[in-house]
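Order of listing sets the numbers, starting from 1, for every ligand and every atom in it.
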Amino acid sequence: MNVAARMGRLGTESAFEVLARAKALERAGRSVVHLEIGEPDFDTPAHIKEAAKQALDAGATHYGPSAGLPELREAIAKHMGETRGVPVTPEEIVVTPGAKPIMFFTILALVGEGDEAIYPNPGFPIYESVIRFVGGVPVPIPLREATGFGFDLDVLERRLSPRTKLIIVNSPQNPTGGVLDRAQLERVAALAAARNIPVLTDEIYRQFLYEGEFVSLLGMKGMRERTIVLDGFSKSYAMTGWRLGYGVMPPALAEHVTRLMVNSASCTASFVQLAGIAALQGDQTPVARMVAEFKRRRDLLVDGLNTLPGVSCVRPRGAFYVFPNVTGTGRPSAEVAERLLNEAGVAVLSGAAFGEYGEGYLRLSYANSEANLKLALERMRPVFEDFARRRS
Ligand code: PLP
């Protein structure tokens with residue numbers, strides 16, 4: 001079958017591919033520690049599951065409005081006001097199956113053929129993939145270890161052009177765990193506002209912040225009318241498999257994004273949306289407990305990685321990933337990741353899977369038990385010792 005030429009421009013997320021290979025090794029009898037996939041190992045809190053069961057029993061099994069149930073949009077608007085300090089109305093909210101469609105729909109709605117879109121590199125691979133897919137020109141901003149993996153704002157300014165139709169920022173960030181501070185975001189806001197460029201701010205890891213305060217672009221001067229906030233339930237409430245996310249955007253854009261929902265998923269599952277209300281309005285201690293546990297794991301993993309030969313790892317301030325520098329091995333990241341999977345039974349991702357500026361790094365998710373993180377560190381040591389021997 002001949003597929004359309006645009007399919008050749010669509011990328012992928014290698015986490016799912018590595019997961020499939022790791023599972024194949026497990027089926028062949030090998031033991032694998034999974035540090036490749038970005039999802040909390042915690043279960044969804046019981047009161048959220050209970051709300052979904054009740055919603056099913058009450059008959060929430062039908063189509064709903066494409067932009068989301070009014071009661072969930074209300075709850076999200078209130079939540080946005082509380083967490084971003086900006087009053088938001090339900091008309092500004094579109095609910096989607098997971099947060100990923102907000103990325104897809106925003107790029108589809110704002111980036112035309114030949115338009116430029118700025119995105120972080122290394123970054124979530126779907127940004128670049130979808131920019132290319134819609135015929136846009138992806139313009140990377142390198143995130144450098146030396147600057148805490150923040151946006152290089154001078155580079156950002158130089159790369160803006162009359163054809164720039166979108167800037168994407170992500171903080172706390174996947175894959176580096178880097179966080180943009182207030183001063184950095186204010187400069188992004190000033191540049192975007194002065195040139196009337198919309199900004200997609202991916203805040204899915206907002207709650208996974210281990211030091212400092214969370215800052216959103218939404219409340220910054222001149223940003224209300226040109227900001228699209230992407231957020232959702234997958235990470236904060238350990239609900240990855242439920243598929244529930246949302247975007248907050250100016251009402252005129254929300255209408256276009258809703259039209260894209262009408263043309264694709266129709267709507268998000270109704271009982272899942274009702275469970276989302278329980279997540280936002282219910283007990284938040286499970287979130288705090290998970291975040292505290294993740295902070296302990298981050299420290300264990302960073303400290304352990306820094307004892308391995310050829311590896312150096314900065315302590316990221318957010319998300320649940322570490323991004324160790326493995327240039328000390330003298331080998332490409334993909335080869336290091338490959339040997340760790342095949343010889344040590346530790347599944348990690350090559351930094352290059354997140355863009356060209358990720359070469360020289362690995363991404364490890366610490367959404368795994370302390371015992372498994374210790375096991376992974378133990379298993380990785382002989383592989384890195386072997387790299388060191390070959391180098392000397
Ligand atoms: N944005 C970033 C930076 C992510 O890492 C992810 C998931 O890995 C998403 C968005 C998508 O989240 P969801 O599972 O809700 O679609």
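Ranked by closest heavy atom to atom 7 (C) of ligand 1, the top entry among Arg243, Lys235, Lys100 is Lys235.
The shortest N or O to N or O distance between Asn174 and ligand 1 is below 3.5 Å. Taking distance alone, with nitrogen or oxygen atoms compared against 3.5 Å, Ala99 approaches ligand 1 more closely than that limit.
Contact annotation for Thr240 and ligand 1: no heavy atom of the residue comes within less than 4.0 Å of the ligand. Contacts between Gln173 and ligand 1 below 4.0 angstrom, taking non-hydrogen atoms only, are absent altogether. Residue contacts with ligand 1 for Phe233 are absent, since no atom lies close enough (heavy atoms, distance under 4.0 Å).
Residue-ligand proximity, Met103 to ligand 1, at heavy-atom distances under 4.0 Å covers atoms 1 (N), 10 (C). Near Gly98, meaning under 4.0 Å from any of its heavy atoms, are these atoms of ligand 1: 15 (O), 16 (O).
If you check which protein heavy atom lies closest to atom 3 (C) of ligand 1, you get Asp202 OD2, 3.2 Å. For atom 15 (O) of ligand 1, the closest non-hydrogen atom of the protein is Ser234 OG, 2.6 Å. Annotation: atom 6 (C) of ligand 1 to nearest protein heavy atom, Phe124 CZ, 3.7 Å.
Using modelled atom types, no side-chain atom of Ser129 and backbone atom of Pro125 make a donor-acceptor pair closer than 3.5 Å. Checked by atom type and distance alone, the side chain of Lys235 never pairs as donor or acceptor with a backbone atom of Ala319 at under 3.5 Å.
Residue Glu356 places its CD atom among more than 12 non-hydrogen atoms of other residues, nucleotides or ligands, all under 6.0 Å distant. Counting heavy-atom neighbours within 6.0 Å of Arg6 CZ, excluding the residue itself, gives a total of 12 or less.
A ring-centre distance under 6.0 Å is found for Phe320 and Tyr205.
One side chain, Ser31 or Arg379, offers a donor N or O that lies under 3.5 Å from an acceptor on the other. Thr258 and Glu255 share no side-chain donor-acceptor pair at under 3.5 Å.
Each of Tyr321, Tyr210, Phe42 was evaluated against Phe294; a single residue qualifies, Phe42, per the ring-ring contact (aromatic ring centres under 6.0 Å, His included) test.
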